[in-house]
Amino acid sequence: MIKAIFLDIDGTMVSFNTHRVPDNTKKALQEVRDCGIKVFVATGRHSSDINNLEDLEFDGYITLNGAYCRVGDQAVFKKHIPHEDVEAFVRYEEEIEPIPCFFVEADRVSANMVSEQITRMMELVHFTPRPIVPSRKFLDKEVFQLTAFFPIEREHEIMKYLPECVATRWYPTFADIVARDVDKSVGLEKIKEYFGFNLDEMMAIGDGGNDISMIKHAGIGIAMGNANAEVKQAADYITTSVDDDGVGNALRHFGVI
């Protein structure tokens, strides 16, 4: 029996077209909670950027692609990028080519420059304005995620400079970079340990490349109909799109509601 459901935000619970949670998704998630099933957010966003879930209630949050996980105000897991990799990223920027980037700390998100790419992304997901802070200021900080704007064709080249990190994408124009051995499946595992769930009692639903690890890890992994082919291939089941009651249809398919 399913006891816990983990859901991505953008493209899973929230429509890229309306920037809202569809009413049928809200209804489905309320039915889940009424059944006593716990519901968790699993996102690449920072906690301060979870601004589009309206009045929905959740039992915990996997944020920054698993780098910072919390239940209530308690952090049940956190892992920052090694300082050496942050230094290498800054050196690459200074010596080879500037890279627009969000530097994500536990309590704030800053941008290293003003750029058209960053502006477009902030408009896409309705982020609030960021303070502009030079990259060098983060050399002695705990950075949990770098959201860096470079094309996927350059990802291999750039990631060679960050050997203790991995990159995933949920949108093609940028990569979320976190410490190696951190992803959403790690977040699922930490939540599992905290609550005492079994894997076969856990369901994960997502649409982006950064959701693949949790879709594979959970007892039941579901890809949204708007997901790309790689995400769908990783899933046990493919539901309809976020704009076509994808979450609700998946939950009904497996008899959760």
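Everything numeric here is computed off the predicted structure, so don't read it as measured data.
Other residues, nucleotides and ligands place no more than 12 heavy atoms under 6.0 Å from the CD atom of E230. No more than 12 heavy atoms of other residues, nucleotides or ligands sit less than 6.0 Å from atom CD of E116.
For the residue pair K38 and D59, the shortest heavy atom distance occurs at CA-OD2, 3.2 Å. Contact detail for P82 and E164: the closest heavy-atom pair is CG-CB, 3.7 Å.
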Could you go through the side chain to side chain donor-acceptor pair (under 3.5 Å) check for S15 and D243 one step at a time? CA-CA 6 Å; S15 167; D243 294 303; 2.6 Å; yes
Checking side chain to side chain contact (heavy atoms under 4.5 Å, CB included) for the pair F102/L146: CA distance, chi angles, key distance, verdict? CA-CA 6 Å; F102 293 133; L146 298 166; over 6 Å; no
Does T12 form a side chain to side chain donor-acceptor pair (under 3.5 Å) with D207? I'd like the steps, not just the answer. CA-CA 6 Å; T12 300; D207 73 299; 3.1 Å; yes
Determine, stepwise, if the pair S48 / R108 fulfils side chain to side chain contact (heavy atoms under 4.5 Å, CB included). CA-CA 8 Å; S48 65; R108 67 179 64 87; over 6 Å; no
If you apply the rule salt bridge (Lys or Arg N to Asp or Glu O under 4.0 Å), what do you find for R154 with E97, and how did you get there? CA-CA 12 Å; R154 293 186 55 213; E97 184 178 2; 3.0 Å; yes
Set out, in order, the CA-CA distance, both residues' side-chain angles and the distance that settles side chain to side chain contact (heavy atoms under 4.5 Å, CB included) for K184 and F6, then state yes or no. CA-CA 10 Å; K184 290 187 181 183; F6 296 79; over 6 Å; no
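Ring to ring, F40 and F195 are close: their centroids are under 6.0 angstrom apart.
Under the rule for a ring-ring contact (aromatic ring centres under 6.0 Å, His included), H46 has no partner lying at least two apart in sequence or in another chain. With sequence neighbours excluded, the residues forming a side-chain contact (heavy atoms from CB on, under 4.5 Å) with A28 are L251, I257, listed by chain and number. Residues passing the side-chain contact (heavy atoms from CB on, under 4.5 Å) test with N24, sequence neighbours excluded: P22, D245. Partners of I96 according to the side-chain contact (heavy atoms from CB on, under 4.5 Å) rule, which considers only residues two or more places apart in sequence or in another chain, are Y92, Y161. By the ring-ring contact (aromatic ring centres under 6.0 Å, His included) test, Y237 is found to be paired with H253, F254, residues two or more places apart in sequence or in another chain being considered. Residues passing the side-chain contact (heavy atoms from CB on, under 4.5 Å) test with T128, sequence neighbours excluded: R130. E193 is linked by a side-chain hydrogen bond (donor to acceptor under 3.5 Å, both in side chains) to nothing, counting only residues two or more places apart in sequence or in another chain. Under the salt bridge (charged side-chain N to carboxylate O under 4.0 Å, His left out) criterion, D183 pairs with no residue at all, not counting sequence neighbours. Considering only residues two or more places apart in sequence or on other chains, E201 meets the side-chain hydrogen bond (donor to acceptor under 3.5 Å, both in side chains) condition with K3.
When hydrophobic clusters are built by joining Ile, Leu, Val, Met, Phe, Trp and Tyr residues whose side-chain heavy atoms come closer than 4.5 Å, directly or via intermediates, I62 is not grouped with L7. V231 and I220 fall into different hydrophobic clusters, where Ile, Leu, Val, Met, Phe, Trp and Tyr residues are linked whenever their side-chain heavy atoms come under 4.5 Å apart, directly or through other members. Under the 4.5 Å side-chain heavy-atom criterion for Ile, Leu, Val, Met, Phe, Trp and Tyr, V247 and I37 are members of the same hydrophobic cluster. Both L53 and M224 are part of a single hydrophobic cluster, where members link through side-chain heavy atoms under 4.5 Å apart. The hydrophobic clustering, which links ILVMFWY residues whose side-chain heavy atoms are closer than 4.5 Å, places F174 and V104 together.
Under a 4.5 Å side-chain heavy-atom cut-off, the cluster of Ile, Leu, Val, Met, Phe, Trp and Tyr residues that includes V182 is completed by F77, V166, V178, V186.
Of the residues listed (V114, T173, I118), the one engaging P100 in a side-chain contact (heavy atoms from CB on, under 4.5 Å) is I118, and it is the only one.
Identified under the salt bridge (Lys or Arg N to Asp or Glu O under 4.0 Å) test for residues 73-94, with sequence neighbours left out: E94-R136. Residue pairs meeting the side chain to side chain donor-acceptor pair (under 3.5 Å) criterion with at least one member in residues 216-226, sequence neighbours excluded, are E189-H217.
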